[in-house]
Amino acid sequence: MESTQLQRRGGGLVSLSPSQTPRSNDKSVRDLRSADSNSSSKHDKDKGVNVQVILRCRPLGEDEARINTPVVISCNESRREICAVQSIANKQIDRTFLFDKVFGPSSQQKDLFDLAVSPIVNEVLEGYNCTIFAYGQTGTGKTYTMEGGARKKNGEFPSDAGVIPRAVKQIFDILEAQNAEYSMKVTFLELYNEEITDLLAPEETTKFIDDKTKKPIALMEDGKGGVFVRGLEEEIVTTANEIYKILEKGSAKRRTAETLLNKQSSRSHSIFSITIHIKECTPEGEEMIKCGKLNLVDLAGSENISRSGARESRAREAGEINKSLLTLGRVINALVEHSGHVPYRDSKLTRLLRDSLGGKTKTCIIATISPSIHCLEETLSTLDYAHRAKNIKNKPEINQKMMKSALIKDLYSEIDRLKQEVYSAREKNGIYIPRDRFLQDEAEKKAMAEKIERMELESESKEKQIAELQELYNSQQLLTADLSEKLEKKEKKLEETEFALFDLEDKHRQANATIKEQDFFVSNLLKSEKTLVDRAFELRAELENAASDLSDLFAKIERKNKIEDGNKALIQKFRSQLTQQLDILHKTFAASVTQQEQQLKHMEEDMHSFVSTKSEATEELRGRLGKLKNTYGLGVKTLDNISSKLDGNFMSTLGDLNSEVSKHSHDLEDLLKGITSEAEALLNDLQSSLYKQEEKLTVFAQQQHERKEEKSALGIH
Ligand SMILES: Nc1ncnc2c1ncn2[C@@H]1O[C@H](COP(=O)(O)OP(=O)(O)OP(=O)(O)O)[C@@H](O)[C@H]1O
């Protein structure tokens, strides 16, 4: 079924053929190119865009977790790193790989889709062709990532839905939100043993899969450098649910074939493609058709590259699977190493996906790995493989938009051609040959056409070479003529030069003699020059010494001047300080002189008052002594009277006498005591005033001494 229909939402139908996916080198399409050719696509085309490589590590399975399988992989999603670490005995593995995105064991299907796939789906809707590969060892989650878990019974969207159903949903959501007119078709094929199986073909064809009359599925060159799968069923889809059903149908067919034909799904590749045509209107009102394609590829288990072929019975099968995966590896290597020849044609897988590897398609590889220690070898090989693929550069280009009118015209001519074919088939007026023969002829014709094309190219390049050589020959001829003319001229010139040479030889001899003479002079001159130079060196050294001495002297003078300046300032300062000090001293001295004078005056006054006090005291003492004398004379007189009376009354008188004597002696005693105490008080007064005078004198002497010291400190004599 080669033609499909463009679904107009609520509108008309336009038929499309899969081989009509527009290409930039298609002349008929080139004429229809719209003016708004995307500038960013031009930029991408010039620079090239690296294939995006995403790494996903699945969690340990239930069985693995139960037996505590050691984990050797650690994922750092933020740093986009994967580390493989293991040490057994003395073998240590510690490798780190960096990818465009990393999804660890706990990552969800939604995370992977939103972060890595959703932008790619948007680009498909912008008109790019995009391809997403799932690559990895069997059981690492390729199918889980691409298809995901089964749909729930009531048609709900499950949380473990994979990339394909999510991409489909996003496409429909966006188109419906834009209320766009679009057509969408899907294909689903399986590649096993280099044989293509259409997973969407009606039951009858697959039921008799070994039947020779079955519809042939073949890869055909489209004559424009691309390939298409002839006879591949293309299903038109209008809702996301239809795609889910198609997916389920395809997967079920894959499983049935697996049991019927003893296939191993892990050894087959599957390609699910969605092609979208969207109608757009230019500002001028012209209707344009935008086309984008999304290929979702679930590759065979990568371990088959190394392990298949082990069993004799499966040799061919393994060989063929190896062929596709090995060729994929070789294509990647050739692209990374920029080798001239890229072996796309060596396998069907690489032929089908040629545009996704180094072509105009945007490509993303999701490499899946297991964290288990038992898979480490395969994991490392997957990591190496994926890491290498990061260096592939594609040159993505937006598919050229087609004018709807031109497209309809093309499709009408296609319908006419098909009508004629049907008519001739019905009338049986055409040429009929067996199908195998026809296919063989076709293949031969194609090979011949390719060969002719190659030869034409070669002959074209040869003709170019011949023309270049002819041009070269002509130019050489001209050059030769020019050179022989020049040679003649040179020969004449040579003769003249020979004569001149004889002359020159004579002159040369004379010159030699002169040179010898000159040499002698020169050697003498050199000697004297040497002596002069030596002397000059000595003088220079001396001069240098003198100069350094001079600079030392200048430095010293400068230092001295500085010190003198400092000293002058110091003297000046000292002088002013001295004058100040002298002023203070004069004032202090004058103050002390007046103070001393006052003190002397006080002392004089004190002495005068002391002397007058003493003379008063002396006077008083004298008075008292007179009184005493009188008292004593009275006493003596009384005693005389008493002695005269004694004769008369001796005994009574004696008694009186005794009492009188004791009375007088008491009086005398009291008097003496009073005198003594007065004298003592006088003496004490005298002594205290003497002490005071002595203290004053000591203070005075001390002040005198301090002044003397101050004077001597200031240098005054
Ligand atoms: N990220 C994941 N999270 C949870 N389970 C996963 C994950 N990846 C894989 N699995 C589970 O691991 C098992 C193997 O996965 P799957 O069949 O997708 O591997 P595969 O690489 O496609 O294998 P094959 O090459 O045989 O097709 C499945 O049961 C799947 O549910």
Side-chain angles (χ1 to χ4, degrees), residues 53-77 79-99 101-109 111-112 133-149 160 162 258 262-270 298-315 317-319 321-322 324-326 328-329 332 365-389:
V53 180
I54 291 161
L55 200 116
R56 186 179 202 186
C57 179
R58 72 158 168 78
L60 283 180
E62 273 178 25
D63 292 344
E64 289 171 321
R66 203 180 318 114
I67 57 167
N68 287 330
T69 306
V71 167
V72 286
I73 298 293
S74 66
C75 305
N76 190 328
E77 294 186 5
R79 291 175 64 176
R80 300 181 283 123
E81 272 179 8
I82 286 276
C83 294
V85 185
Q86 192 205 9
S87 59
I88 309 170
N90 45 10
K91 194 186 166 197
Q92 169 82 24
I93 295 171
D94 186 354
R95 294 186 64 191
T96 303
F97 297 82
L98 188 75
F99 292 99
K101 282 188 183 70
V102 165
F103 293 92
S106 57
S107 66
Q108 298 300 304
Q109 297 280 62
D111 304 333
L112 184 126
F133 288 96
Y135 177 91
Q137 187 191 357
T138 294
T140 50
K142 295 185 294 297
T143 312
Y144 178 82
T145 301
M146 295 307 269
E147 294 176 23
D160 61 349
E258 200 178 318
N262 203 19
K263 277 187 183 178
Q264 273 188 299
S265 68
S266 64
R267 297 187 172 217
S268 73
H269 314 281
S270 78
D298 187 354
L299 292 171
S302 56
E303 71 287 352
N304 291 317
I305 299 177
S306 48
R307 287 190 199 149
S308 57
R311 276 188 250 156
E312 208 46 40
S313 59
R314 290 193 179 272
E317 175 193 275
I321 285 161
N322 271 350
S324 267
L325 271 186
L326 280 174
L328 182 66
I332 289 175
I365 296 175
I366 304 175
T368 55
I369 55 168
S370 152
S372 157
I373 191 167
H374 306 302
C375 302
L376 185 60
E377 202 184 324
E378 286 301 339
T379 301
L380 286 173
S381 121
T382 304
L383 288 168
D384 277 329
Y385 194 93
H387 201 257
R388 207 169 335 125

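Note that the numbering runs from 1 along the sequence shown for the chain.
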dist T382:OG1 -> Q137:CD (nearest 0.5 Å) comes out at 6.5 Å
Taking all heavy atoms of T379 and all of S370, pick out the closest pair and write down the distance. OG1-O, 3.5 Å
What's the separation between atom CD1 in I82 and atom CG in N76, rounded to the nearest 0.5 Å? 9.0 Å
Taken to the nearest 0.5 Å, the spacing of C75 SG from I369 CD1 works out to 6.0 Å
Decide yes or no on side chain to side chain contact (heavy atoms under 4.5 Å, CB included) for S302 and Y135, but give the supporting numbers first. CA-CA 7 Å; S302 56; Y135 177 91; 3.4 Å; yes
Dump the intermediate steps for salt bridge (charged side-chain N to carboxylate O under 4.0 Å, His left out) on D111 and K101, then the final yes or no. CA-CA 11 Å; D111 304 333; K101 282 188 183 70; over 6 Å; no
Give a yes or no answer on whether the side chain of K142 reaches the backbone of G136 with a donor-acceptor pair at less than 3.5 Å. yes
Separation between OG (S107) and CZ (R56), nearest 0.5 Å, reads 4.5 Å
Show, in sequence, the C-alpha distance, side-chain angles and deciding distance for I366 and L112, and conclude whether the side chain to side chain contact (heavy atoms under 4.5 Å, CB included) test is met. CA-CA 10 Å; I366 304 175; L112 184 126; 4.1 Å; yes
Any sub-3.5 Å donor-acceptor pair from Q109's side-chain atoms to Y144's backbone N or O? yes
What's the spacing between L380 CG and L376 CG if we round to 0.5 Å? 4.5 Å
Please test H374 against T69 for side chain to side chain contact (heavy atoms under 4.5 Å, CB included), starting from the C-alpha separation and ending with a verdict. CA-CA 8 Å; H374 306 302; T69 306; 3.5 Å; yes
For the atom pair CG (L299) and CE (M146), what is the distance rounded to the nearest 0.5 Å? 8.5 Å
Give the minimum heavy-atom separation between A389 and I365, together with the two atoms involved. CB-CD1, 3.7 Å
Are the side chain of Y385 and the backbone of G329 linked by a donor-acceptor contact shorter than 3.5 Å? yes
Specify the closest pair of heavy atoms between T96 and C83, including all atoms of both residues, with the distance to one decimal. OG1-SG, 3.4 Å
Side chain to side chain contact (heavy atoms under 4.5 Å, CB included), that's the test. Do R80 and L55 meet it? Break it down for me. CA-CA 9 Å; R80 300 181 283 123; L55 200 116; over 6 Å; no
Looking at D94, I73, I93, V72, which hits side chain to side chain contact (heavy atoms under 4.5 Å, CB included) with V85? D94
Without swapping roles, check the side chain of E77 against the backbone of G104 for a donor-acceptor pair under 3.5 Å. yes
Output all residues satisfying ring pair (Phe, Tyr, Trp, His ring centres under 6.0 Å) with F99, sequence neighbours left out; order by chain, then residue number. H387
Check: E147 side chain, T145 main-chain N or O, donor-acceptor pair, under 3.5 Å: no
Shortest non-hydrogen separation from L60 to P371 and the atoms involved: CD2-CG, 3.9 Å
